[in-house]
Amino acid sequence: AHRANKNGEPEIDALKRAVELLPTWTVARKLLAEAHERSQQIDQAKAVLQQGISRAPLLGVGYLDLAELLWRQNDPDEAIKKVRQALKLDFNLNDAWARFCDWCALLDRFDEVVTLAREWTSKRPGLARSWLLLAQALQWQNPRNDEDSEKERIDACSVAFDEGSEEQTS
């Protein structure tokens with residue numbers, strides 16, 4: 001209700017109370033950080049998200065939330081680091097993958113996306129998702145739709161799959 005009425009301090013107080021009651025509740029932390037950000041209290045917003053990470057360091061979503069704040073605050077290098085950490089912890093975080101791809105594309109660093117996808121295929125060769133993300137990254141990196149480029153992408157996935165399979169058997 002406070003958020004809808006644009007009541008900054010009452011909203012912040014209510015969200016602080018929610019975080020006190022359940023310190024690992026990532027949704028409440030994100031909302032509290034956003035309330036601080038709307039009130040131009042950026043340091044407090046960062047602190048709330050960093051406290052969440054320290055309380056639940058294995059939850060990738062906490063790093064994603066901090067990455068999004070850092071991106072909005074014009075700190076793209078730190079944002080990329082944090083979103084990479086989120087993906088390291090949980091490569092199934094679709095929002096983290098989308099942000100990583102979008103941000104790297106905007107920064108003309110899309111090769112990082114392909115590199116990360118290749119790492120996943122070598123570390124997780126048995127998981128279809130890692131191969132799908134690699135194929136997606138290669139498609140985005142080289143969006144031509146002719147048969148030759150499609151064959152190149154398939155060949156690149158095959159090579160990466162073969163390399164990953166060899167590592168598993170050694």
Side-chain angles (χ1 to χ4, degrees), residues 19 23-38 42 45-146 149-168:
V19 168
T24 57
W25 187 16
T26 57
V27 174
R29 278 197 183 277
K30 181 177 182 173
L31 292 173
L32 177 56
E34 289 172 352
H36 279 303
E37 187 180 10
R38 281 192 304 279
I42 306 306
K46 285 180 188 176
V48 164
L49 295 174
Q50 288 167 335
Q51 288 165 2
I53 289 170
S54 66
R55 289 201 176 260
L58 299 179
L59 284 179
V61 71
Y63 294 90
L64 173 60
D65 292 341
L66 181 56
E68 289 174 332
L69 174 66
L70 292 167
W71 182 264
R72 288 190 302 270
Q73 296 304 313
N74 278 331
D75 194 350
D77 290 332
E78 280 302 308
I80 295 278
K81 285 179 190 173
K82 295 301 180 191
V83 80
R84 274 173 124 1
Q85 184 65 30
L87 289 166
K88 182 179 179 183
L89 292 168
D90 184 356
F91 95 121
N92 289 310
L93 276 175
N94 291 327
D95 287 346
W97 176 250
R99 296 303 174 282
F100 184 62
C101 291
D102 291 345
W103 296 345
C104 284
L106 287 169
L107 297 171
D108 199 27
R109 292 167 44 180
F110 204 78
D111 57 315
E112 291 181 38
V113 174
V114 175
T115 300
L116 183 58
R118 285 187 193 281
E119 286 174 20
W120 286 340
T121 59
S122 68
K123 290 178 182 173
R124 300 173 175 102
L127 293 179
R129 178 171 171 82
S130 58
W131 295 100
L132 290 171
L133 294 177
L134 175 58
Q136 181 183 59
L138 292 169
Q139 169 68 34
W140 287 339
Q141 186 181 41
N142 186 5
R144 298 177 302 166
N145 289 322
D146 59 41
S149 66
E150 187 173 318
K151 183 176 177 347
E152 289 171 17
R153 288 190 296 276
I154 291 169
D155 289 345
C157 282
S158 294
V159 168
F161 179 76
D162 291 342
E163 290 170 357
S165 296
E166 288 173 12
E167 288 178 16
Q168 290 294 322

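Nothing fancy with the numbering, it's 1 onward along the sequence.
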Of the non-hydrogen atoms in Ala45 and Ala33, which two are nearest, and what is the gap between them?
-> CB-O, 3.3 Å
Any Val114 side-chain heavy atom under 4.5 Å of Leu138 side chain = yes
Would you indicate whether the side-chain heavy atoms of His36 and Leu32 approach each other to under 4.5 Å?
-> yes
Do Leu70 and Lys82 have side-chain heavy atoms sitting under 4.5 Å apart?
-> yes
Fit a plane to each ring of Trp71 and Trp103, take the angle between them on a 0 to 90° scale, and name the class: parallel (under 30°), tilted (30 to 60°) or perpendicular (over 60°).
-> parallel
Answer whether the closest heavy-atom distance between the side chains of Arg124 and Arg129 falls below 4.5 Å.
-> no
Distance (rounded to the nearest 0.5 Å) between Ile53 CD1 and Leu64 CG | 10.0 Å
How about Asp108: does its CG atom have over 12 heavy atoms from other parts shown lying under 6.0 Å from it?
-> no
Is the Trp97 ring parallel, tilted or perpendicular to the Trp120 ring (thresholds 30°, 60°)?
-> tilted
So how far is it from Asp75 CG to Lys81 NZ, rounded to the nearest 0.5 Å?
-> 8.5 Å
Evaluate the side-chain proximity of Leu87 to Leu116: yes if any heavy-atom separation is below 4.5 Å, no if none is.
-> yes
Criterion side-chain contact (heavy atoms from CB on, under 4.5 Å) on Ile80 and Leu107, from CA distance to verdict | CA-CA 10 Å; Ile80 295 278; Leu107 297 171; 4.2 Å; yes
What is the distance from atom CG of Leu127 to atom CZ of Phe91, rounded to the nearest 0.5 Å?
-> 5.0 Å
Arg29 side chain to Val48 main-chain N or O, any donor-acceptor pair under 3.5 Å?
-> yes
Closest heavy-atom pair, Gly60 versus Ala86, reported as atoms and distance to 0.1 Å, is O-CB, 3.2 Å
So do the side chains of Glu119 and Ser130 get within less than 4.5 Å of each other, counting heavy atoms only?
-> no
Taking the side chain as C-beta and beyond, is there a heavy-atom pair between Lys46 and Leu69 under 4.5 Å?
-> yes
Side chain to side chain donor-acceptor pair (under 3.5 Å) partners for Glu112, two or more places apart | Arg109
Heavy-atom closest pair, residues Cys104 and Val113 | CB-CG2, 3.7 Å
Non-hydrogen atoms of Lys30 and Leu49 that approach each other most closely | CA-CD2, 4.2 Å
Do Gln73 and Glu78 have side-chain N/O donor and acceptor atoms under 3.5 Å apart?
-> no
Answer yes or no: are there more than 12 heavy-atom neighbours, outside Arg55 itself, under 6.0 Å from its atom CZ?
-> no
Atom pair CG/CG of Leu134 and Leu132 - distance to nearest 0.5 Å | 9.5 Å
With side chains defined as the heavy atoms from C-beta onward, is the minimum distance between Tyr63 and Lys88 less than 4.5 Å?
-> no
